[in-house]
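These notes are about the structure you will find just below.
Both counts, for ligands and for their atoms, begin at 1 and track the order of listing. Everything quoted here is computed from the prediction, not taken from an experiment. Computation of the quantities below employed the complete heavy-atom set of this structure, encompassing side-chain atoms and omitting hydrogens, waters and symmetry-equivalent molecules.
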Amino acid sequence: MGVLSTIHDHLSELAIEPVIAQFSGIFDLNGRFGVLFLGVSYAVAYGLFRFRRQRGLTDARSFWQFIGGSRVNFHRSALLDYRYYFVRAILKVALVLPIVALVDPHILRGADYMAFFSNLWGARPQLGQNLSLSLLYGLGVFLVSDFTHYWVHRAFHSRWLWAFHKVHHSAPVLVPVTASRVHFVEKLVGKLASAVSLGAYAGAFWYACGGEISRYTLFGVTYLVFICSALAANLRHSHVWLSFGPVIEHVLNSPAQHQIHHSDAPRHFHKNFGTNLSLWDWMFGTLYVTRSTPEAISFGTAEQDAHRYLTLYGLIVTPFVDTARQLFPAARAQAVAPESTETSYS
Ligand SMILES: [Zn+2]
Ligand SMILES: [Zn+2]
């Protein structure tokens, strides 16, 4: 019984922890190293500010102005993001985690796949735990998580899920906390999708190794997630332009590339869905690379209904209203205010 519960704990940790690392470690300011990464991001921004000011490449007279000043950081949308940050934490505990707990036992785990493969082809010789295997397994966890998130993100730009993801894109200004402006339905789907794909990956890897291998971590986070988070990841949701250059951006997703993803210009629609890696964007034809010269972009959805996303209620309820109208056209016909075009997904 003791062994079983240890295995169960381990598997739960395996399936859910990397997902939490993906969503919380990078984006959440309450992640274990959130404050550290935020500090690193602003330190990088300060370096950029000094560099650009010395060369006359910025009009900003102070660092505060360089990071958007009050116009961005105290914008109505940013103030809403700060409030939503706390509300979504409550929603996570009240809704997301109980649903995950409910579905969790029905998701196939690494051990399930390993047992299946062993029955099919027989057990393989046990390689045992060692550093290289741990690093390799951690690399796979990172790649599988990032790949899954790329496709979940693309799926949420589709007609049927866009209403939920639109909450994230409805922000007209970007501050680091905007990363948490994610509807709980999207969060839930992302967590479950990652649990499913990581379970399959773990099963295949463990079977090949003849037993369980743990991923190599840095301070409890998959090591590559930790490294990518340290690359000024918080500037993705900011008005500070940080490009990695066209070559590196074929593999690593830069803050500037994610800002392009938030652009309301049609030429930027359906570009840069990647989280840590833009390799997937390159592979699947959605890559848009940037240069050190900032592009003049404005953020938002380019749809005429920004007023519907100005309150906490609007962020949480609007997607359900829109989805119901899509599913039941009669309800849409009865809508008092006619909706604008719903074709311009950003
Ligand atoms: Zn998006
Ligand atoms: Zn974003």
| message | Distance to the ring centre below 6.0 angstrom and angle to the axis at most 45 degrees; does that hold for R55 and F51? | response | yes
| Would you say F116 has more than 12 foreign heavy atoms packed within less than 6.0 Å of its CZ? | no
| task | Tell me whether H157 has at least one N, O or S atom under 2.8 Å from the Zn ion (ligand 1). | result | yes
| query | In terms of the angle between their ring planes, are H165 and H153 parallel, tilted or perpendicular, with boundaries placed at 30° and 60°? | reply | perpendicular
| message | Let me check your reading of the structure: within less than 2.8 Å of the Zn ion (ligand 2), is there an N/O/S atom from H169? | response | no
| task | Please confirm if an N, O or S atom belonging to H168, backbone or side chain, lies less than 2.8 Å from the Zn ion (ligand 1). | result | no
| task | Examine H237 and say whether one of its N/O/S atoms is closer to the Zn ion (ligand 2) than 2.8 Å. | result | yes
| For H165, what is the atom name of its N, O or S atom nearest to the Zn ion (ligand 1)? | NE2
| Can a donor-acceptor pair be found between the side chains of H261 and H168 at a distance below 3.5 Å? | no
| request: Give the ring-plane orientation class for Y137 versus Y201, where under 30° counts as parallel, over 60° as perpendicular and anything between as tilted. | output: parallel
| said: Given the Zn ion (ligand 1) as the apex, I'd like the angle to NE2 of H261 and NE2 of H153, rounded to 10 degrees. | reply: 80°
